[in-house]
Amino acid sequence: MTTFTSERVSEHLTRIITPCGVCMYLAEGTQRAALMDTGFGFGDLRGFVESLTDKPYVVLLSHGHMDHAGGAGQFETVYLNKRDWKLEQWHATRERRVWDVRHGPGGMPEGVTDDDFLPSRTEPYLPMGEEDLFDLGGVTIRPVAVPGHTMGSLVFLIPEDRVAIFGDACGENTLLLFAESAPIAAYREGLLHLREFEGQYDTVLRNHGNFRSPKQILADNIELCGDILNGTDAAIPEKFFAQEGRLGRPKDHPGKAGNILYDPNKKR
Ligand SMILES: [Zn+2]
């Protein structure tokens with residue numbers, strides 16, 4: 001049995017938290033709503049969302065990883081950047097999701113069993129990119145492309161609430177060491193593009209950890225990309241599951257909000 005919890009984070013945004021600590025966001029306008037991300041795909045997320053809103057809604061995925069796309073099978077209308085379609089197919093299988101939660105930092109949450117994991121999505125996704133503005137009535141969601149963590153990663157801007165949901169695209173332990181990640185130089189370009197929208201938000205939200213970061217995290221990670229490219233970062237060996245990479249800053253890095261775990265062979 002899986003129970004979700006929710007909390008209001010801004011005028012139009014509600015955070016939905018899963019038992020394993022991943023969260024997603026529900027934006028509600030006067031006409032319709034949008035669920036951003038779906039977690040690992042266990043428990044009746046759809047039922048929970050429909051207990052929060054009675055408006056028609058769409059589902060938007062920030063990227064194709066299993067802890068964001070895993071629950072997409074429960075919903076009809078789901079958008080995902082085309083660049084992550086193939087990734088989602090192999091990454092978000094039910095088998096991988098069960099394995100990953102069980103072997104992740106917190107293990108299988110108490111009360112959750114394998115049976116709670118829902119089948120993966122078999123219906124096709126709808127494409128989504130920067131050209132798609134989602135007008136919910138009095139509130140809009142604007143996707144901004146930030147290839148890096150995955151090639152199809154999107155940041156969701158909600159200008160009316162002055163919020164940017166960074167997802168996994170820019171964080172306190174940004175994972176850039178995967179086969180599906182962009183080289184550091186290309187990632188830096190994506191972050192510079194995101195910076196063009198800095199005037200439209202004050203609050204940075206994420207889907208992991210404490211779900212929130214100071215706005216300076218973007219500048220901090222742009223700076224760190226420069227250091228990595230110059231070879232002047234801390235480059236501390238660090239593992240994510242079995243994969244070894246380099247951490248750009250020490251884990252304890254006072255005064256800086258961002259960090260990046262990257263593949264030292266994939267800088268350019
Ligand atoms: Zn991810």
Side-chain angles (χ1 to χ4, degrees), residues 9 13 15 17-18 20-25 36-37 39-40 60-70 81 84 87 91 100 104-106 143-158 163-178 180-184 186-195 197-198 201-228 233-236 238-241 243 245-263 266:
V9 289
L13 272 184
R15 176 185 290 129
I17 305 169
T18 73
C20 64
V22 179
C23 81
M24 39 241 162
Y25 294 92
M36 288 165 278
D37 286 335
F40 274 104
L60 316 177
L61 302 180
S62 64
H63 64 294
H65 277 160
M66 65 172 95
D67 49 336
H68 299 255
N81 188 332
D84 273 9
L87 167 67
H91 202 275
D100 211 75
V144 178
V146 184
H149 175 67
T150 68
M151 296 311 288
S153 288
L154 298 172
V155 163
F156 296 124
L157 266 182
I158 297 104
V163 165
I165 301 174
F166 276 16
D168 291 0
C170 174
E172 291 168 10
N173 189 36
T174 318
L175 298 174
L176 239 77
L177 77 173
F178 304 124
E180 64 269 26
S181 303
I184 294 290
Y187 176 52
R188 185 172 177 277
E189 293 303 312
L191 293 182
L192 291 173
H193 174 59
L194 177 58
R195 193 169 69 179
F197 299 88
E198 248 184 354
Y201 66 89
D202 303 310
T203 300
V204 172
L205 301 178
R206 293 178 297 105
N207 300 85
H208 300 281
N210 59 5
F211 305 140
R212 192 179 271 264
S213 286
K215 194 178 176 183
Q216 75 174 77
I217 195 165
L218 175 57
D220 287 351
N221 275 341
I222 292 172
E223 179 189 69
L224 183 54
C225 285
D227 291 346
I228 293 169
D233 65 308
I236 298 163
E238 171 75 14
K239 274 189 171 175
F240 181 78
F241 287 91
Q243 217 164 338
R246 299 283 183 277
L247 203 51
R249 292 187 170 113
K251 276 189 181 164
D252 193 19
H253 45 80
K256 298 288 179 190
N259 209 346
I260 299 171
L261 181 60
Y262 64 95
D263 176 351
K266 224 166 111 179

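All of these numbers come straight from a predicted model, not from anything done at the bench. Every heavy atom of this structure was used, including side-chain atoms; hydrogens, water molecules and symmetry mates were not.
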**Q.** Atom pair CG (Asn210) and CG (Leu205), whose distance is rounded to the nearest 0.5 Å
**A.** 10.5 Å
Q: Find out whether Phe166 and Val146 are in side-chain contact, i.e. whether some heavy atom of one side chain is under 4.5 Å from a heavy atom of the other.
A: no
(Q) For Pro147, is there any backbone N or O sitting under 3.5 Å from a side-chain donor or acceptor partner on Glu189? (A) no
Q: Of all the heavy-atom pairs spanning Ser153 and Thr150, show the shortest one and how long it is.
A: OG-OG1, 2.8 Å
Q) Quick one: do the Asp168 and His65 side chains pair a donor with an acceptor below 3.5 Å? A) no
(Q) Counting neighbours of NZ on Lys239 that are heavy atoms of other residues, nucleotides or ligands and sit closer than 6.0 Å, is the number greater than 12? (A) no
Q.
For a quick test of reading the model, state the closest non-hydrogen atom pair linking Glu238 to Lys251 and the distance between them.
A. OE2-NZ, 3.1 Å
Q. Does the side chain of Phe40 come within less than 4.5 Å of Cys20's, by heavy atoms?
A. yes
Q: Supply the atom-to-atom distance Leu177 CG to Leu261 CG, rounded to the nearest 0.5 angstrom.
A: 4.5 Å
(Q) Main chain of Gly258, side chain of Arg249: is a donor-acceptor contact present, judged purely on distance under 3.5 Å? (A) yes
Q.
Tell me if a side-chain donor or acceptor on Asp233 pairs with a main-chain N or O of Ala235 at a distance below 3.5 Å.
A. yes
Q: Measure from the side-chain N and O atoms of Lys266 to the backbone N and O of Ser181, and report whether any donor-acceptor pair falls under 3.5 Å.
A: yes
Q.
As an exercise, state the distance from CG of Asn207 to CD1 of Ile17, rounded to the nearest 0.5 Å.
A. 11.0 Å
Q: Mind checking the CG-CZ spacing from Leu218 to Phe197? Nearest 0.5 Å is all I need.
A: 11.5 Å
Q) What is the minimum heavy-atom distance between Asp220 and Gly255, and which atoms define it? A) OD2-O, 4.3 Å
**Q.** Check: Asp84 side chain, His63 main-chain N or O, donor-acceptor pair, under 3.5 Å
**A.** no
Q | Closest contact, heavy atoms only, Ala164 versus Val155 | A | CB-CG1, 4.4 Å
Q: For Tyr187 and Ala169, indicate whether the former's side chain and the latter's backbone hold a donor-acceptor pair under 3.5 Å.
A: yes
Q) Does any non-hydrogen side-chain atom of Leu13 lie less than 4.5 Å from one of Ile165? A) yes
(Q) With no hydrogens and no angle check, just 3.5 Å: does a side-chain donor-acceptor pair link Asp67 and His208? (A) yes
Q. Hey, what do you get for OH (Tyr262) to CG (Leu175), rounding to the nearest 0.5 Å?
A. 14.0 Å
Q.
If you compare all heavy atoms of Val163 against all heavy atoms of Tyr201, which two are closest, and at what distance to 0.1 Å?
A. C-CB, 3.8 Å
Q: Look at the aromatic rings of His149 and Phe178 and report parallel, tilted or perpendicular, splitting at 30° and 60°.
A: perpendicular
(Q) Restricting to non-hydrogen atoms, name the atom on Gly248 and the atom on Asn259 that form the minimum distance, rounded to 0.1 Å. (A) N-OD1, 3.5 Å
(Q) With a 3.5 Å distance limit and no angle check, can you tell me whether Asn221 reaches the backbone of Gly171 through a side-chain donor-acceptor pair? (A) yes
**Q.** Distance, nearest 0.5 Å, that separates CZ of Arg206 from CZ of Arg15
**A.** 9.5 Å
Q.
Working note: Thr18 + Met24, criterion side-chain contact (heavy atoms from CB on, under 4.5 Å); need CA distance, chi angles, decisive distance, verdict.
A. CA-CA 8 Å; Thr18 73; Met24 39 241 162; 3.3 Å; yes
